[in-house]
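These numbers come from a predicted model, not from an experiment.
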Amino acid sequence: MKSPPLSPYGVFAGQLFQYSANPALIAFESPPISPQTNSNTIPSDEQIAQSCNKCILLGGLSDGPIPTPYAKLLEKKCHTLGWSLVQPILSSSYLGFGHGSLSRDTDELVRLMDYLVCHHSAQRFALVGHSTGCQNSIHFLKWARRDIVDRLKVVALQAPVSDRESHALTPGDHSTHLAHAKSLLSKNEGEEMMPRSAFWAPITASRYLSLFDVDGDDDFFSSDLTDEQLSDRLGHVGNIGRETGLNLLAAFSKKDEYVPQIVDKDVLLKRLVSAMNGSDDEGNEEIAVREAVARGLMLNNANHNLSEGDGDKEEFVEAVGKLMEVAVSTVDNVNG
């Protein structure tokens, strides 16, 4: 028998738990453990409970747990700082995204966080989104229940790219498929499946339009959106951050293969960050810049999931760790 490769993105020890009964959904939490404990030792209930800081890792389309090559590095950083790493399965994980929506994802993330607060002693959260997980993070900030949003102190967007612009790079008659999806939606048949030729995975007309139509529900990061359109989609980030102490990192890959080559990635990242920071409630942009909630990070040698460039995974995880440190120190200063 030919030996299969060892788990390429790492091996994780922790607890698997069910956070929702209907639908049945599970998540995996790996908490920090003492230096004397073997890294593959199953943590106890007490160890799970002692970690009040939870970092949730969300992958992109077709991903599940362990979605990225930096997952193990992120776990190590979490443990160094006293955080747990939580990796959920949502209804949209793997191929479930094709019949899902950002709203469903947000509802399920709220269920997960409620469970962690009630049963795993969670007090504050970080959310690290890869690819379409970035859309989840932005949507969550606007539409999740406010008491849960208030507990979210760090959001990291890794590869916040446009699915619409990425899809346009692939072969196929996309305009015909968009017209077909719009026709189904106009007849209240948005949950009908698209033809096999429309996409590589089974997908409903509604989700097809959400991902690939201009102004779709997932259309947060497209380079052809005007500054006003970006502000409409992203401006809530700054408002929420200034109210709750949230900090956001937007990490873009200079060699992201899912971004059209004609797109100036440096300019796009600056526009995304500017739209997120926006202005304060009185429209003062200078105050918004001085009290910036969102900050950009350009990874010059990185591809989409940070699997190729030397040091990219480490640079990103280190930047996320600094925000988690700030989140804890800020709370400690307030309590002190």
query = So, the side chain of Arg124 versus the backbone of Leu152: is there a donor-acceptor pair under 3.5 Å, distance only?
reply = no

Only residue of Val317, Leu299, Thr68 satisfying side-chain contact (heavy atoms from CB on, under 4.5 Å) with Leu306 is Leu299

For residues 219-259, the ring-ring contact (aromatic ring centres under 6.0 Å, His included) pairs (sequence neighbours left out) are Tyr258-His304

Test side chain to side chain donor-acceptor pair (under 3.5 Å) on Thr176 and Asp173 and set out the steps.
CA-CA 6 Å; Thr176 297; Asp173 191 354; 2.5 Å; yes

Keeping Ser121 on the side-chain end and Val117 on the backbone end, is there a donor-acceptor pair under 3.5 Å? no

| said: Would you say the ring centers of Phe17 and Phe28 fall short of 6.0 Å from each other? | reply: no

The ring-ring contact (aromatic ring centres under 6.0 Å, His included) partners of Tyr208 (sequence neighbours excluded) come to His167, Phe212

Residues pairing under ring-ring contact (aromatic ring centres under 6.0 Å, His included) where one sits in residues 52-83, two or more places apart or in two chains, turn out to be Tyr70-Phe316

Please check: side-chain N/O of Asn277 versus main-chain N/O of Ala292, any donor-acceptor pairing under 3.5 Å? no

The side-chain contact (heavy atoms from CB on, under 4.5 Å) partner of Leu127 among Leu58, Leu57, Val154 is Leu58

(Q) Tell me whether Arg164 is salt-bridged to Asp224, with the criterion being a basic N under 4.0 Å from an acidic carboxylate O. (A) yes

Task: In one Ile/Leu/Val/Met/Phe/Trp/Tyr side-chain cluster, 4.5 Å: Val259, Leu211 - done: no

The salt bridge (charged side-chain N to carboxylate O under 4.0 Å, His left out) partners of Arg104 (sequence neighbours excluded) come to none

Exercise for the section: Decide, yes or no, whether a salt bridge links Lys254 with Asp266 under the criterion of side-chain N to carboxylate O below 4.0 Å. Expected result: yes

Q. Would you find a donor on one side and an acceptor on the other, under 3.5 Å apart, between the side chain of Lys54 and the backbone of Ser51?
A. yes

Under 4.0 Å between a Lys/Arg side-chain N and an Asp/Glu carboxylate O for Glu325 and Lys77?
no

- Counting N and O atoms only, with roles assigned by atom type, does the side chain of Asp63 sit under 3.5 Å from a partner on the main chain of Gly60, one being a donor and the other an acceptor? yes

Those residues at least two apart in sequence (or on a different chain) that pass salt bridge (charged side-chain N to carboxylate O under 4.0 Å, His left out) with Glu308 are none

Hey, any chance Ile66 and Leu16 share a hydrophobic cluster, counting ILVMFWY side chains that come within less than 4.5 Å of each other, even indirectly? yes

- So does Arg146 have more than 12 non-hydrogen atoms from other groups sitting under 6.0 Å from CZ? yes

Taking only Lys NZ, Arg NE, NH1 and NH2, and the carboxylate oxygens of Asp or Glu, determine whether Arg271 and Asp227 approach each other closer than 4.0 Å.
yes

field: Backbone N/O of Val11 and side chain of Lys72: donor-acceptor pair under 3.5 Å
entry: yes

Lys153 to Phe125, cation-pi by 6.0 Å centre distance and 45° axis angle
no

- Query: How about Leu90 and Phe97: do any of their side-chain heavy atoms sit closer than 4.5 Å?
  - Reply: no

Looking only at atom types and distance, does a side-chain atom of Glu165 sit under 3.5 Å from a main-chain N or O of Ser223, one as donor and one as acceptor?
-> yes

message: Check this for me: does any side-chain nitrogen of one of Asp147 and Arg151 sit under 4.0 Å from a carboxylate oxygen of the other?
response: no

For Asp264, does the CG atom have more than 12 heavy-atom neighbours from other residues, nucleotides or ligands under 6.0 Å away?
yes

N/O donor-acceptor pairs under 3.5 Å from side chains in residues 179-193, not counting sequence neighbours:
{"from": "Ser186", "atom 1": "OG", "to": "Ser183", "atom 2": "O", "distance (Å)": "2.6"}
{"from": "Glu191", "atom 1": "OE2", "to": "Ser206", "atom 2": "OG", "distance (Å)": "3.4"}

In short, Ala275 meets Ser231 closest at the heavy-atom pair CB-N, 3.9 Å

